[in-house]
2 protein chains.
Amino acid sequence: MAAANIKQVAKHAGVSLGTVSNVLNRPDLVSPATRQKVLDAITELGYVRNDSARQLRAGRSRTVAILVLDVSNPFFTDVVRGAEAVVEKAGGMLIVCNSGEDPRREQRNLDMLEEQRVQGLLVTPVSDGRHPRLDAFVKRGIPVVLVDRGSGHPSRCSVAVDDVAGGRLAAEHLAERGHERIGFVGGPVTIRQVADRHHGAAAALADRDTPHDLQLFTTPSLSVDAGRQAADELAALAAGERPTAVFCANDLLALGVLQGLTAHGLRVPEDVAIVGYDDIEFAAAAAVPLSSVRQPRAQLGRTAAELLLEESMNDGNHQHRHVMFQPELVIRVSSDRYR
Amino acid sequence: MAAANIKQVAKHAGVSLGTVSNVLNRPDLVSPATRQKVLDAITELGYVRNDSARQLRAGRSRTVAILVLDVSNPFFTDVVRGAEAVVEKAGGMLIVCNSGEDPRREQRNLDMLEEQRVQGLLVTPVSDGRHPRLDAFVKRGIPVVLVDRGSGHPSRCSVAVDDVAGGRLAAEHLAERGHERIGFVGGPVTIRQVADRHHGAAAALADRDTPHDLQLFTTPSLSVDAGRQAADELAALAAGERPTAVFCANDLLALGVLQGLTAHGLRVPEDVAIVGYDDIEFAAAAAVPLSSVRQPRAQLGRTAAELLLEESMNDGNHQHRHVMFQPELVIRVSSDRYR
DNA sequence: GGGTTGTAGTGAAACGTTTCACAGGTGGCA
DNA sequence: TGCCACCTGTGAAACGTTTCACTACAACCC
């Protein structure tokens, strides 16, 4: 019941309080005999360090937090696992928080993480643009690494995948397969990744010799459900106006579109080809195996954590870096009509 | 840079340290004029509470932790979201930790969470059975709620879904559809859920009038990959010996089996029917929409969090409860050959 | 033997809160 | 006027660590 503290351990072992602390933190300063006495006392009393006190005194925590947009999006779970590996190897602990793409929940989480004085923060903010809230972290000495957002900010590191390049890959592939009316499904367009992927696709098509059309189908979110709704829209168009291929801003949307089109009796890829984005594990297991733009997700998490820890160690003279990874197109049946 | 503390705020506002604390914690004790002065000082200095100190003094945290087996398993992400909603409504914060089904990582996470003196712990332990490690939490006054594990333990609450009933549902369904040679794909069998689902299925078949066979295909894990390997085993059997239906311990396995069988040229459900477990979002989007046993996942998380908070409040006179939810069978194409 | 060096262990101070007994001041009431 | 009650605000104590200046003692060297 009563949580034993260092003082009780000291008394029980017949040594001073400072000695117990030394056993815990610098065991080499203590003679083996004394050390053993202390360790025995610790076991006997079931003593466990109080991290609050330790942290209060030390002024720093060994906990790194990652605040993601959606815990149930496989993209983020892989990023988390990459980051986890690095943080744990460094002897720290990674805690995962979820904003659910809700600015208020993001705010709340940031508030509590700042109060906790976490060692550092990996975050994908809900909105792109300026983040005074994150500047507060930096000012307080808590390094922040942006994940898949806001590359190039002068006062923090960032890791991202080149979404413009990803958009290009997808559109070029579809154009090469002979598609001339192409749709882009994604939204909200305020999300930078969505906008970038769209711009990349548009740019790729504009670079082509022959004219290509890129019709925008805006969705309220990046979910399977939103994809189904977009499919309804697509199905409602006359065959001559309907895009013969769509590029979706992520795989959840793509799976939704696939399901929706199938429900409407449209065939993939014969009537409409689909390319998704993220290459989640289930992309290959979809009703029609899904072509997708693959991002090095775990790598993203690993690098983000490494940058964070590096900044956290090199107090003072740290150069912020912006790492950009290149995506890769994985072609499967959903876009392979002409192969 | 220098994180402002309460003392500096007090000085800046021209009041005493205790008054600032009162403004923060019991604003009604402070006159409006003074309160405003203090609030202004707080804003001006960018003061943010130090949770370590607060927690040290208070002896308790407002952070609830959930330690899951696999952050990237959709089952757990839904449980997390359910728990999140409840904890946040209560003004707390939920942090997610991942054991990755590795006992050593579980151990490490538990160590750090105990040091942090979290308010409570929702956990799905890697191994079933006795958990002296968790008893330590309870002894220290940190309530523990088991999620989908170890129902009936006298010193902690638990929430679970009736896996035996789930197994029965699946097997009865397949038997009714006329299958007599049925396979069970799952493992390791040391995982209680796997064993329960198997037992439920076996029991349902034993209750039948006509003899039914339940052949066990053990897998090393509950992943898509393991499912693919199980499919190889199935495909290698002669058609007359091969089960005409398999019940998989979870949907990841089922998707893997589906993929693997298809790759071997076997048709689902014509050659082999499949029933999965969990009804993850992608079950319906699989190459062949997957029949599955659905668990009330978010409900599980919500209830777990509610039990935890209740125990945390009602210090002393709390009755541990064990809530068992009933699963539900969702029939889709993968098992619907005779419909 | 005096001085130096090194090793083991000590205990007070400090980290930033919250709480609590208490002090000053104001107004009401007899 | 004297007493009491009430409202605001005060500042010291306590939470459990880590750190650091310090003591005690032994060993070594000249």
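Reckoned from all heavy atoms, side chains included, excluding hydrogens, waters and symmetry mates. Residue numbering restarts at 1 for every chain, and letters A, B, ... go by the order of the sequence lines.
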Colleague: Under 4.0 Å between any heavy atoms, over every strand shown, what does A:Asp51 touch: base, sugar-phosphate, or nothing? Just pick one.
Modeller: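 Nothing, no nucleic acid heavy atom in range.
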
Colleague: Apply the test side chain to side chain donor-acceptor pair (under 3.5 Å) to residues A:Ser72 and B:Arg81: give CA-CA distance (whole Å), side-chain angles for both, the deciding distance (0.1 Å), then the verdict.
Modeller: CA-CA 8 Å; A:Ser72 57; B:Arg81 301 213 296 187; 3.3 Å; yes

Colleague: Between atom CD in A:Glu115 and atom P in C:dG16, what is the gap in whole Å?
Modeller: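 To the nearest whole Å, that distance equals 15 Å.
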
Colleague: I'd like to compare against my own output: the B/S/- annotation of nucleotides 6-12 of chain D with a strict under-4.0 Å heavy-atom distance to protein.
Modeller: --SSBBB

Colleague: Run the side chain to side chain donor-acceptor pair (under 3.5 Å) check on A:Gln55 and B:Ser52 step by step: do they pass?
Modeller: CA-CA 6 Å; A:Gln55 198 169 307; B:Ser52 306; 3.1 Å; yes

Colleague: How many Å lie between CG on A:Leu45 and P on D:dG16, as a whole number?
Modeller: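 After rounding, the gap between these two atoms is 14 Å.
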
Colleague: Are OP1 or OP2 of C:dT19 and a side-chain N or O of B:Arg26 less than 4.0 angstrom apart?
Modeller: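 Yes.
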
Colleague: Roughly how many Å is it from CG in B:Leu56 to P in D:dG16, rounded to a whole number?
Modeller: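 These atoms are roughly 7 Å apart.
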
Colleague: I need the CD1-C1' distance between B:Ile6 and D:dA14, as an integer number of Å.
Modeller: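 The answer, rounded to whole Å, is 15 Å.
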
Colleague: Using the test ring-ring contact (aromatic ring centres under 6.0 Å, His included), find all partners of A:His322 that sit at least two apart in sequence or belong to another chain.
Modeller: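 ring-ring contact (aromatic ring centres under 6.0 Å, His included) list for A:His322, sorted by chain: empty.
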
Colleague: Rounded to whole Å, how long is the line connecting atom NZ of A:Lys7 with atom C1' of D:dC15?
Modeller: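 Rounding to the nearest Å, NZ of A:Lys7 and C1' of D:dC15 are 10 Å apart.
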
Colleague: Mind checking side chain to side chain donor-acceptor pair (under 3.5 Å) for B:Asn98 and listing every partner two or more places apart, or none if nothing turns up?
Modeller: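 Residues passing side chain to side chain donor-acceptor pair (under 3.5 Å) with B:Asn98: A:Glu84.
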
Colleague: Provide, to the nearest angstrom, the distance between the CG atom belonging to A:Asn5 and the C1' atom belonging to D:dT18.
Modeller: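 Taking CG of A:Asn5 and C1' of D:dT18, I get 14 Å after rounding.
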
Colleague: Could you state the CG-C1' distance from A:Asn25 to C:dA8, rounded to the nearest angstrom?
Modeller: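 Checked: the CG to C1' distance equals 17 Å.
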
Colleague: Would you say that B:Asn50 contacts A:Glu115 through its side chain, given a criterion of any heavy-atom pair below 4.5 Å between the two side chains?
Modeller: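 No, side chains not in contact.
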
Colleague: Between C:dT17, D:dT17, C:dT18, spot the one nearest the side chain of A:Arg57, thanks.
Modeller: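 Output: D:dT17.
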
Colleague: State, yes or no, whether a side-chain contact exists between B:Glu311 and B:His320 at a heavy-atom distance under 4.5 Å.
Modeller: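 Result yes, sub-4.5 Å side-chain heavy-atom pair found.
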
Colleague: To the nearest Å, how far apart are A:Leu24 CG and D:dT18 P?
Modeller: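 The distance from CG of A:Leu24 to P of D:dT18 comes to 6 Å, rounded to the nearest Å.
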
